Number of protein chains: 2
Amino acid sequence: MTIAEVSRKYDISPDTLRYYEKIGLLPPVPRNKSGVRDYDAASCQWIEMMKCMRAAGVQIEARSEYVALYRQGDATLGARRELLLEQRELLMARMADMQRSLDRLNEKIALYERPNSAACPPEREGAGPAE
Amino acid sequence: MTIAEVSRKYDISPDTLRYYEKIGLLPPVPRNKSGVRDYDAASCQWIEMMKCMRAAGVQIEARSEYVALYRQGDATLGARRELLLEQRELLMARMADMQRSLDRLNEKIALYERPNSAACPPEREGAGPAE
DNA sequence: TCTTGACATGGAGTCCACTCCAGGTGATAC
DNA sequence: GTATCACCTGGAGTGGACTCCATGTCAAGA
């Protein structure tokens, strides 16, 4: 697949795809004889993996570390597993934070649903619903 | 409360607190006669609100818009409610994305738990567990 | 009175994750 | 053969969200 096709398929700009490869977020993509990228199945799986990690909020540094470990072969299986476990902890913590935010947001919206509510936070001291 | 106390209480640096106020993420904080900030209950509630919105991934622009609407008074109740509803949608979408990522992460970790697994993605074509 | 320390301000600098651009190459269409 | 087009590269630029810094003020303690 060309970079344009991959870009459409995963909704990631060609510039970003090249950037990811340059900084090691993707292992080198195969090229045709004129040096043009020709993404294969493995490349696509890495792209999906990176999209997934990005959506999970994993920093670029941790993502490239994972790729680097992978490319060093089986000796790094343990380290890769550790990295994923650590990122899972971080992800779950972020999700818990977001859930708390969502709960608060829902409370606040509920206040706006009541007519005449002063809808918090109060301008200064006292007035407005307790939070 | 002084900026240092608030900083400790909410784990937000004094620089960030001043920055938030400067760009309108917090309504002006009361000052003592020498111009030093003296955070009151309302200021603290705004800080909590901003921490909450930040944890929810709300951009600074949307947060300052909310504050600006609030400061314009009751005429903007509807607009504020709309803004919160919109941000709730975005938040729920992000959480759904993260849940998908978590599911995938768990699958991947499961592969690492099995001894001798080739642990994806494959280096090139074929080998390695299907995803 | 002098020093210290917490605070103030405006503005510059940093970091992350892209995003854009100038200049160049190779394959295809006319 | 030349125009067009998609692609290439290295490097500069951008936007968001801080973070740091030089310089200055004020109140309190030695």
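Order of the sequence lines fixes the chain letters, A, B, ..., with proteins taken first and strands second; residue numbering starts at 1 for each chain. Heavy atoms only: backbone and side chains are in, while hydrogens, waters and symmetry mates are out. This one's a predicted model, so the numbers in the text were calculated from it and none came from an experiment.
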Check: Do B/Tyr66 and B/Val58 have side-chain heavy atoms sitting under 4.5 Å apart?
Finding: no
Please report the distance, rounded to the nearest Å, between [atom1] in [X] and [atom2] in [N].
X	N	atom1	atom2	result
A/Glu21	D/dC8	CD	P	9 Å
B/Lys51	D/dC18	NZ	P	12 Å
B/Met50	D/dC18	CE	P	12 Å
B/Asp15	D/dA22	CG	C1'	13 Å
B/Tyr20	D/dG16	OH	P	14 Å
A/Asn32	D/dC8	CG	C1'	11 Å
B/Lys33	D/dC26	NZ	P	13 Å
B/Leu25	D/dC18	CG	C1'	11 Å

Using salt bridge (Lys or Arg N to Asp or Glu O under 4.0 Å) as the criterion, list what pairs up with [X], not counting sequence neighbours.
X	result
B/Arg18	B/Asp15
B/Asp97	B/Arg100
A/Arg54	none

Note to self: For chain B and DNA chain C, what are the first and last nucleotides along the strand, 5' to 3', with at least one atom under 4.0 angstrom from a heavy atom of the protein chain?
What the structure shows: C/dC7 to C/dG11
Roughly how far, to the nearest 0.5 Å, is [atom2] of [Y] from [atom1] of [X]?
X	Y	atom1	atom2	answer
B/Cys44	B/Met49	SG	CE	15.0 Å
B/Ser101	B/Arg94	OG	CZ	13.5 Å
B/Leu85	A/Tyr112	CG	OH	10.5 Å

Check: Please walk me through it: do A/Gln87 and A/Leu83 pass side chain to side chain contact (heavy atoms under 4.5 Å, CB included)?
Finding: CA-CA 6 Å; A/Gln87 292 301 325; A/Leu83 190 153; 4.0 Å; yes
Note to self: If you assign each of B/Ser34 and B/Ile60 to its closest nucleotide in DNA chain D, which residue comes earlier from the 5' end?
What the structure shows: B/Ile60
Distances under 3.5 Å between protein N/O atoms and the N/O atoms of nucleotides 4-7 of chain D, please, pair by pair.
unit_1	atom_1	unit_2	atom_2	d
D/dC7	OP1	A/Thr2	OG1	3.3

Could you list the donor-acceptor pairs under 3.5 angstrom formed by side chains in residues 21-34 of chain A, with sequence neighbours left out?
unit_1	atom_1	unit_2	atom_2	d
A/Glu21	OE1	A/Arg37	NE	2.6
A/Glu21	OE2	A/Val29	N	3.1
A/Arg31	NH1	A/Gly35	O	2.9
A/Asn32	OD1	A/Ser34	N	2.8
A/Asn32	OD1	A/Ser34	OG	3.3
A/Asn32	OD1	A/Gly35	N	3.2
A/Asn32	OD1	A/Val36	N	3.1

Note to self: Under 4.0 Å from OP1 or OP2 of D/dT9: is there any side-chain N or O of A/Arg31 that close?
What the structure shows: yes
